[in-house]
Structure formats: structure tokens, C-alpha cells
Chemist: 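Submitted below is the structure of interest, expressed as C-alpha cells.
Treat the numbers as computed from the prediction; the structure is a model and nothing was measured. Here, residue 1 is the first one in the sequence, and each next residue gets the next number.
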Amino acid sequence: MQPVKTRLTSLLGIRVPVVSASMAFASSTKLALEVSRGGGFASTAITPAKLREELSLARASLSDPQDKRIPIGCGFIGWMMDSQEKEYKELLDITLDSGVKALWLSFGNDLSRWIQYIRASPAYQVHKPFIFVQVTSVEEAVQAVNDWKVDVLIVQGNESGGHGRSTAPSTMILLSEVLAALPQDSAPPVLAAGGIATGTHVAAYLTAGASGAVLGTRFLLTPESPCSTAQKSVLLATKSHQTVRSLAFDHARGTNSWPAGIDGRGVRNRIVEDIDAGVDHATVQERFRSAAQAGDADYLLVWSGQGVSLMDEIKPAKTVVEELHAEIVQALKRTWQFLS
């Protein structure tokens, strides 16, 4: 299959402009490596307790463990780093020393200081990982590019699963607004994220000016994803209209420190119904814990983007990337007829 050439694929040395999102508790090093083997790129969000072990396993899995770079990224959430600064500086140091190819930062009230910390590290000078920053507004995008000089910009629209800005426009509108606001001669590769499920979707965003696309929900439906069998079953049965943006999921988990304006899109269930009905948060949290122990799918937290309707099968991550690659090429070839 012929490579798809974009600024992202040139920067990362990959064949397919597809990136698997950094998803806390839903991505893994194994998933990221399989996406890489398929020709794409992936970032993983490793739990602090397993960070050193997972990165060591990632290096050991390489055909040449002496390669300077591990061909994956690692994601970090800004507000979590702010809340445990000492611990996360140590985690960043471990990550930088490991030689991952990229660091993915998102959802912080002051990501600039963490970018400064990364670039001041001696290990950064050795490995030079790319800095990806995820944004949810034009203002954030302009700051990330002009002030922080990020290497890759991820533009996340309202259709996305998991956390995002409640008032963000659709992915296509936000991408268009961001591209219009950035300096055309010096802007980094810009990736579209949110509701993307197929290679045809990716091709559409490429023709709109993106250098690649980020998919999250699609890679949850892989054997390599640590999502449970129950969560995957829910996703396979979900249609786009059954997803909802809400703070209910975070009220259930007790994770209420996200920056202002950030909520999460997941599969609507009794968690949302209880919060909407005015059930107090302590009761919801107790029901959530009890449901987790009992395996109650009606009270299960399942993040999902709106593209979930177009997903009906669990496949290996490498296969998913290869199929997306073929679909992208086919869709791009179809556009030639309009110029003939």
C-alpha cells in the first residue's frame, strides 16, 4: 500500500497519518506499539505505578533495543501534574530518559511551565521528543503555536469521546477556524480529533488541511486495549445518539478537578440519569463502586465518541491501521475525478 505523505508522516517517519489517542486507563504500551507496527503512531497514558516497567518492556520489544527512540508517545494531563508536581516531575524525567518519540500534553491550566520543564531537561537534549499539545479552542491553539512552539497541534472537536470542552464546535469547524488563525508559513502539523471512525473521515480532514487524524474510540475496540470485555460490548451496541457530554461520569468517579468548561462524552446510562434526576454525588459514587464490583453494565463508565455507530467489530490494532490506510488511499483517489 502506498504511503500517504503529509507533514505529520514526514515528521514522524510513518506511513499512515493516523494517531491513536492518549487515553488514561484505556490505552496501553502494547496498543501503541501495534499501531506503530501498522504504520501509524500512538500515544499511551501509562499509570504512574507502571510507567518504568511499561517503558522498559516497550524498549525490549524493539527489533533493535539500542534504537535511540521508542516509536510511541506518552500522555500527561496538565491538572493532574499540577496537583502532584513532585511526583509528575519524576515521571516526566523517567519518560524523557526512556527515549519515547513524543510527549502529549492536555487539559492544563498552565501547560507552558511543563513544556519549559521538558525542554530544560538534559534528556530532552539527547532524545528531542516531539511535543504534542491537545487544544479545544482557537485561543488555545494560537497560544500553543505562537508562544509554546509545539511540534504537533491536536484540535479536538465536540464529537470526541472522553474529556473535551463542552462548548467546542464540531471537529471540522474548529479545525477550519484554527487553520485560518495560524501562520501558514510556520505552523506545525495540525491533527483533527473527535468522532473520527473511518479512513474516509481521515481523508476528508486531510483535504480540509489537517496533516493527520486522531482516533480514540476505534482503538478501544482492539484486543490490545485494556478496556474490559463489558465496556467493549457496550461500545459495540452503542449508536451515536446514545452518547452524551456530561459531568455525571466525573461526579461518579470523584474526579472533579478538570479545568473549567471541560466535561466528558460517554455512553448514556443510569449514571447520567441519576445525576440529572438530582441524586446526590455521594450516593452516585457509592452506586458506581457497588456496580463495578457486581459487574453491573447499567452503571458502567464507557467513554465514547460519536463515530461509534460505524464500529461493529473488535480487531487487532495493527489491522485497524492497515484498513484505515487502505480506506484513506481509496478515498483520496476518488477525489481525483473532480479535477479530470
Chemist: Please say yes or no: joined through hydrophobic side-chain contacts below 4.5 Å, possibly via intermediate residues, are V133 and F130 part of one cluster?
Modeler: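 In one cluster: no.
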Chemist: Enter the distance from E34:CD to S61:OG here, rounded to the nearest 0.5 Å.
Modeler: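 Nearest 0.5 Å value for the CD-OG distance: 8.5 Å.
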Chemist: Side-chain heavy atoms nearer than 4.5 Å, only ILVMFWY residues, links allowed to pass through others: does that put F76 and F132 together?
Modeler: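 F76 and F132: separate clusters.
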Chemist: Return the CD to OG distance between Q306 and S240, rounded to the nearest 0.5 Å.
Modeler: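 Between Q306 CD and S240 OG, I get 6.0 Å after rounding to 0.5 Å.
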Chemist: Here's one to test your reading of the geometry: is the NZ or CZ of R253 within 45 degrees of the ring axis of Y299 and under 6.0 Å from its centre?
Modeler: no
Chemist: Side chains of K101 and F41, heavy atoms from C-beta outward: is any pair under 4.5 Å?
Modeler: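 Yes, side chains in contact.
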Chemist: Treat each ILVMFWY residue as a node, draw an edge where side-chain heavy atoms are under 4.5 Å apart, and state whether L51 and W114 are in one component.
Modeler: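 Per the 4.5 Å side-chain linkage, L51 and W114 are co-clustered.
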Chemist: Looking only at heavy atoms, which two atoms of A58 and L33 are closest? And how far apart?
Modeler: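 Closest approach of A58 to L33: CA-CD1, 4.0 Å.
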Chemist: Looking only at heavy atoms, which two atoms of A297 and N269 are closest? And how far apart?
Modeler: O-ND2, 4.4 Å
Chemist: Starting from the C-alpha separation in whole Å, work towards a yes-or-no answer on side-chain contact (heavy atoms from CB on, under 4.5 Å) for V126 and L96.
Modeler: CA-CA 9 Å; V126 174; L96 288 163; over 6 Å; no
Chemist: Would S290 and E286 count as having a side-chain donor-acceptor pair, cut-off 3.5 Å?
Modeler: yes
Chemist: Give the minimum heavy-atom separation between S211 and P17, together with the two atoms involved.
Modeler: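 Closest heavy-atom pair between S211 and P17: O-CB, 3.5 Å.
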Chemist: Nearest 0.5 angstrom please: L300 CG to Q231 CD, how far?
Modeler: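 With rounding to 0.5 Å, CG (L300) is 5.0 Å from CD (Q231).
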Chemist: Test H251 against H281 for side-chain contact (heavy atoms from CB on, under 4.5 Å), laying out the working first.
Modeler: CA-CA 6 Å; H251 293 326; H281 295 176; 3.4 Å; yes
Chemist: Spell out, as yes or no, whether a donor-acceptor pair under 3.5 Å connects the side chain of R15 to the backbone of G38.
Modeler: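 The answer is yes, because a donor-acceptor pair under 3.5 Å joins these two groups.
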Chemist: Any heavy-atom pair between the side chains of M81 and I77 that's under 4.5 Å?
Modeler: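 Counting from C-beta outward, I77 and M81 never come under 4.5 Å.
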Chemist: Can you pull the side chain to side chain donor-acceptor pair (under 3.5 Å) pairs that have at least one residue in residues 162-177, sequence neighbours excluded?
Modeler: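 Listed by first then second residue: T136-R165, E140-R165, E159-T171, H163-D250, H163-W258.
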Chemist: Show the atom names and distances, to 0.1 Å, of all donor-acceptor pairs under 3.5 Å that link a side chain in residues 24-32 to residues at least two apart or in another chain.
Modeler:
from: S27; atom 1: OG; to: M23; atom 2: N; distance (Å): 3.1
from: S27; atom 1: OG; to: M23; atom 2: O; distance (Å): 2.7
from: S27; atom 1: OG; to: A45; atom 2: N; distance (Å): 3.1
from: S28; atom 1: OG; to: L31; atom 2: N; distance (Å): 3.0
from: S28; atom 1: OG; to: E224; atom 2: O; distance (Å): 3.0
from: T29; atom 1: OG1; to: E54; atom 2: OE1; distance (Å): 2.8

Chemist: Are L111 and Y124 linked, directly or through intermediate hydrophobic residues, by side-chain heavy-atom contacts shorter than 4.5 Å (ILVMFWY only)?
Modeler: yes
Chemist: Would you say the side chain of E87 lies within less than 4.5 Å of the side chain of L91, judging by non-hydrogen atoms?
Modeler: yes
Chemist: Give a yes or no answer on whether the side chain of T283 reaches the backbone of V279 with a donor-acceptor pair at less than 3.5 Å.
Modeler: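 Answer holds: no.
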Chemist: Quick one: side chains of residues 189-208, donor-acceptor pairs under 3.5 Å with protein atoms, not counting sequence neighbours, listed by atom name and distance.
Modeler:
from: T198; atom 1: OG1; to: T200; atom 2: N; distance (Å): 3.4
from: T198; atom 1: OG1; to: H201; atom 2: N; distance (Å): 3.1
from: H201; atom 1: ND1; to: A197; atom 2: N; distance (Å): 3.0
from: T207; atom 1: OG1; to: A203; atom 2: O; distance (Å): 3.4
from: T207; atom 1: OG1; to: A204; atom 2: O; distance (Å): 2.7

Chemist: If the test is salt bridge (charged side-chain N to carboxylate O under 4.0 Å, His left out), which one of D298, D274, D296, D280 qualifies with R287?
Modeler: D274
Chemist: Using the rule given for side-chain contact (heavy atoms from CB on, under 4.5 Å), can you reason through T9 versus V16, listing the C-alpha separation, both sets of side-chain angles and the distance that settles it, and then say yes or no?
Modeler: CA-CA 7 Å; T9 60; V16 192; 6.0 Å; no
Chemist: Considering non-hydrogen atoms only, spot the tightest contact between H325 and Q2 and give its length.
Modeler: NE2-O, 2.7 Å
Chemist: If we only count heavy atoms from C-beta on, is the T44 to C74 side-chain gap below 4.5 Å?
Modeler: yes
Chemist: Name all residues meeting the ring pair (Phe, Tyr, Trp, His ring centres under 6.0 Å) criterion together with F249; count only those two or more places apart in sequence or in a different chain, and write none if there are none.
Modeler: W303
Chemist: Does some side-chain heavy atom of L324 sit less than 4.5 Å from a side-chain heavy atom of L215?
Modeler: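 L215 vs L324: side chains touch.
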Chemist: Step through the shown structure and confirm whether more than 12 heavy atoms of other residues, nucleotides or ligands are within 6.0 Å of CD on Q125.
Modeler: yes
Chemist: Could you go through the side-chain contact (heavy atoms from CB on, under 4.5 Å) check for Q134 and L105 one step at a time?
Modeler: CA-CA 6 Å; Q134 181 176 317; L105 306 180; over 6 Å; no
Chemist: With sequence neighbours excluded, what pairs up with N158 under the side-chain hydrogen bond (donor to acceptor under 3.5 Å, both in side chains) test?
Modeler: R265
Chemist: Would L182 and L8 show up in the same hydrophobic cluster when neighbours are defined by side-chain heavy atoms closer than 4.5 Å?
Modeler: no
Chemist: Side-chain contact test, heavy atoms from C-beta onward, threshold under 4.5 Å: evaluate it for V145 versus K149 and give yes or no.
Modeler: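 Not in contact.
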Chemist: Any side-chain heavy atom of I131 within less than 4.5 Å of one from V152?
Modeler: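 Not in contact.
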Chemist: Counting only pairs under 3.5 Å, give me each side-chain donor-acceptor contact of residues 311-321, with atom names and distances, residues two or more places apart or in other chains.
Modeler:
from: K315; atom 1: NZ; to: E323; atom 2: OE1; distance (Å): 2.8
from: K315; atom 1: NZ; to: E323; atom 2: OE2; distance (Å): 3.0
from: K318; atom 1: NZ; to: E322; atom 2: OE2; distance (Å): 2.6

Chemist: With no hydrogens and no angle check, do the side chains of D93 and Y88 hold a donor and an acceptor under 3.5 Å apart?
Modeler: no
Chemist: Between S43 and W104 (side chain of the first, backbone of the second, donor and acceptor by atom type, cut-off under 3.5 Å), is there such a pair?
Modeler: no
Chemist: OG1 of T95 to CZ of R52: how many Å apart, nearest 0.5 Å?
Modeler: 9.5 Å
Chemist: Is there a donor in the side chain of Q156 and an acceptor in the side chain of S160, or the other way round, less than 3.5 Å apart?
Modeler: yes
Chemist: Are side-chain heavy atoms of K232 and S225 found at a separation under 4.5 Å?
Modeler: yes
Chemist: For the residue pair W79 and P259, what are the closest heavy atoms and their distance?
Modeler: CD1-CD, 3.7 Å
Chemist: When rounded to the nearest 0.5 angstrom, what is the spacing between CD in E85 and CG in L92?
Modeler: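 One gets 10.5 Å once the value is rounded to the nearest 0.5 Å.
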Chemist: If you compare all heavy atoms of A210 against all heavy atoms of L175, which two are closest, and at what distance to 0.1 Å?
Modeler: CB-CD2, 4.0 Å
Chemist: Please report the interatomic distance CG(D276) to CZ(R270), rounded to the nearest 0.5 Å.
Modeler: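 D276 atom CG to R270 atom CZ measures 14.0 Å (nearest 0.5 Å).
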